Amino acid sequence: MQRLLFPPLKALMGRQYLRLLARRAAPRAQCDCIRCPLRPGQYSTISEVALQSGRGTVSLPSKAAERVVGRWLLVCSGTVAGAVILGGVTRLTESGLSMVDWHLIKEMKPPTSQEEWEAEFQRYQQFPEFKILNHDMTLAEFKFIWYMEYSHRMWGRLVGLAYILPAAYFWRKGWLSRGMKGRVLALCGLVCFQGLLGWYMVKSGLEEKPDAHDIPRVSQYRLAAHLGSALVLYCASLWTSLSLLLPPHKLPETRQLLRLRRFAHGTAGLVFLTALSGAFVAGLDAGLVYNSFPKMGESWIPEDLFTFSPILRNVFENPTMVQFDHRILGITSVTAITVLYFFSRRIPLPRRTKMAAMTLLALAYAQVGLGISTLLMYVPTPLAATHQSGSLALLTSALWLMNELRRVPK
């Protein structure tokens, strides 16, 4: 038995492990796990060698599987970031209501003939946006906004495939731990929910509102929910991928480090809230009122902050209050990030952690500059899209710093 088994293993393991294998040799119906050091650059844990019916089946090493899953989720978070950016451009170009129905498969094929385009344009003409805002729109102009919304929807389908297909493959291969299976199921479920929420948002802009005197637009509440769920999906995917790919630092659990970690968590939450408030700014076109800084018009606090009744409505429906809140949140965020950075300098931290803190500070001031410029220039589309993308970059760096400061499980 040993003569038949040892020669093929000798090249893999070396002579010094033959005695160990001989003691652990089992019948063919059983399986045995063997651990041995490999060459430099390889993983320290090799896969199980299962001897079943005379055939060996090799599974991927656990650390190799973690790196594969981590890279996959990093790519997935990148696709979600692309969807958020493309969605922002779609909103800025007022293209989101150009496709007036939703079909998972049917709408994947765009119109190709002149007759199909004219039929699509006629469907659009039956809804409030054309009747009130775009009644003089030409077919060529309609094609532009239609392709913008079409690109956003197709990108959303790409995001879904990027999550679901690899997840099924990794699950079948056994590369997901029990805890990771739960996370992956939650992420895939959130992707599906995000698609349904997007159509629910669009429907709010297609409804007839006889009592409304404003231009047709989607509900700012549904827009915020759509953006918020996308940000949650992005943060969860990015956090999981960073946890799998970046080796944790074994930092001494001092009182200063605990305070820094809590401060970093609170700052990241503030950055998330500021980005979410931007959905209300976009939904109400609040960037087009009071295009001055630091004052709002001639005063620090405008008189029409509490126009609506009850007072709570102003926070979500009054464009003046919405812009005022976004300003306050932005200033508070950059102040907190500045304090966080100087606090981190008082603690001995690894180089990678210091780089994360410095990146967060630089992006915070760049984002403030972009926001002020966007406001003063009356929200030009390229600058506004860059500002929206900057919020995602700032949130990314905040998550990176949080991940660098995470507690190592014992």
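This structure is a prediction, so every number in the text was calculated from the model and none was measured.
Remark: the backbone N or O of His103 is paired with a side-chain donor or acceptor of Glu107 at under 3.5 angstrom. A donor-acceptor pair under 3.5 Å links the side-chain atoms of Asn314 to the main chain of Phe308, judged by distance alone. Of the possible donor and acceptor atoms, one in the side chain of Trp72 sits under 3.5 Å from a partner among the backbone N and O of Ala162. A donor-acceptor pair under 3.5 Å is absent between the side-chain atoms of Arg217 and the main chain of Gly205, judged by distance alone. Side-chain atoms of Arg345 do not come within 3.5 Å of backbone N or O of Phe342 as any donor-acceptor pair. A donor-acceptor pair under 3.5 Å is formed between the side chain of Ser204 and the backbone N or O of Met201. Side-chain atoms of Asn403 do not come within 3.5 Å of backbone N or O of Pro248 as any donor-acceptor pair. Judged purely by atom type and a 3.5 angstrom limit, Thr353 has no side-chain atom pairing as donor or acceptor with the backbone of Leu349. Using a distance-only test at 3.5 Å, with no hydrogens or angles considered, a donor-acceptor pair links the side chain of Arg313 to the main chain of Ser309. Looking only at distances, no side-chain donor or acceptor of Glu129 sits under 3.5 Å from a matching main-chain atom of Leu206.
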query = Between Gln194 and Val191, does a side-chain contact (heavy atoms from CB on, under 4.5 Å) hold up when you go through it step by step?
reply = CA-CA 5 Å; Gln194 175 72 0; Val191 169; 5.6 Å; no

Point to revise | Candidate pair Ser299 and Glu303, rule side-chain hydrogen bond (donor to acceptor under 3.5 Å, both in side chains), full reasoning | key: CA-CA 8 Å; Ser299 60; Glu303 298 178 354; over 6 Å; no

| said: Could you go through Leu133 and Glu94, starting from their C-alpha distance and side-chain angles, then the distance that decides it, and tell me whether this counts as side-chain contact (heavy atoms from CB on, under 4.5 Å)? | reply: CA-CA 10 Å; Leu133 185 64; Glu94 298 181 346; 3.7 Å; yes

Going through the distances and angles, do Arg352 and His249 end up as a side-chain contact (heavy atoms from CB on, under 4.5 Å)? CA-CA 10 Å; Arg352 202 176 67 203; His249 301 295; 3.2 Å; yes

Test side-chain hydrogen bond (donor to acceptor under 3.5 Å, both in side chains) applied to His387 and Thr374, step by step: CA-CA 8 Å; His387 180 55; Thr374 302; 5.0 Å; no

**OP:** Show the numbers, then the answer: is there a side-chain contact (heavy atoms from CB on, under 4.5 Å) between Glu141 and Asn134?
**Re:** CA-CA 10 Å; Glu141 293 171 335; Asn134 295 330; over 6 Å; no

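In Ile311, the CD1 atom is not crowded: 12 or fewer heavy atoms of neighbouring residues, nucleotides or ligands sit closer than 6.0 Å. Around the CG atom of Leu165, the shell of radius 6.0 Å holds more than 12 heavy atoms that belong to other residues, nucleotides or ligands. Heavy atoms from other residues, nucleotides or ligands lying under 6.0 Å from CZ of Arg157 number more than 12.
The line from CE of Met296 to CD of Gln323 is 4.0 Å long, rounded to the nearest 0.5 Å. Once rounded to the nearest 0.5 Å, the distance linking CG of Leu197 with NE2 of His226 reads 6.5 Å. Atom NE2 of His326 and atom OG1 of Thr274 lie 7.0 Å apart (nearest 0.5 Å). Interatomic distance, CG of Leu223 versus CG of Leu227, reported as 6.5 Å (0.5 Å rounding). Between atom OG1 of residue Thr267 and atom CG of residue Leu270 there is a gap of 7.0 Å, rounded to the nearest 0.5 Å.
Sorted by first then second residue, the side chain to side chain donor-acceptor pair (under 3.5 Å) pairs that include residues 74-88, not counting sequence neighbours, number zero.
Pairing each heavy atom of Phe324 with each of Trp300, the nearest pair is CE1-O, 4.0 Å. Between Leu312 and Phe316 the shortest heavy-atom distance is O-CD1, 3.8 Å. Listed here is the closest heavy atom pair of Ser241 and Leu74: CB-N, 3.6 Å. The two residues Leu187 and Ala236 have their closest heavy-atom pair at CD2-CB, 3.7 Å. Among all heavy-atom pairs drawn from Phe121 and Met137, the shortest one is CZ-O, 3.5 Å. Scanning all heavy atoms of the two residues, the minimum distance from Leu245 to Arg67 falls at CD2-O, 3.7 Å.
In this structure, a donor-acceptor pair under 3.5 Å is present between the side chains of Tyr365 and Thr338.
Residues Ser95 and Tyr147 fail the side-chain proximity criterion, which asks for heavy atoms closer than 4.5 Å. Residues Trp146 and Trp117 have side chains in contact (heavy-atom distance under 4.5 Å, counting atoms from C-beta outward). No side-chain heavy atom of Asp325 sits under 4.5 Å from any side-chain heavy atom of Ser277. When side chains are defined from C-beta on, Gln114 counts as touching Glu118, because their heavy atoms get closer than 4.5 Å. Proximity of Tyr221 to Glu317: side-chain heavy atoms (C-beta onward) are separated by under 4.5 Å at one or more points. Here the side chains of Phe130 and Val100 are not in contact, with every heavy-atom distance at 4.5 Å or above. At a threshold of 4.5 Å between non-hydrogen side-chain atoms, the residues Leu360 and Leu394 count as touching. For the pair Phe293/Leu376, a side-chain contact is recorded, criterion being any heavy-atom separation below 4.5 Å from C-beta on.
The pair Lys143-Glu120 does not count as a salt bridge, with every side-chain nitrogen at least 4.0 angstrom from each carboxylate oxygen. Ion pair Asp285/Arg91 flagged as a salt bridge, since at least one NZ, NE, NH1 or NH2 atom sits closer than 4.0 Å to an Asp/Glu carboxylate oxygen. Salt-bridge formation is detected for the pair Glu149/Arg153: a Lys NZ or Arg NE/NH1/NH2 atom is positioned less than 4.0 Å from an Asp or Glu carboxylate oxygen. In summary, Arg261 and Glu404 do not engage in a salt bridge, as defined by a charged side-chain N under 4.0 Å from a carboxylate O. In summary, Arg407 and Glu253 engage in a salt bridge, as defined by a charged side-chain N under 4.0 Å from a carboxylate O.
Annotation: Trp102 is not in aromatic contact with Tyr150 [ring centroid separation under 6.0 Å not met].
A side chain to side chain contact (heavy atoms under 4.5 Å, CB included) with Leu401 holds for exactly one of Leu260, Leu340, Thr359; it is Leu340.
Between Phe343 and Phe263, the two ring planes are tilted [angle within 30° to 60°].
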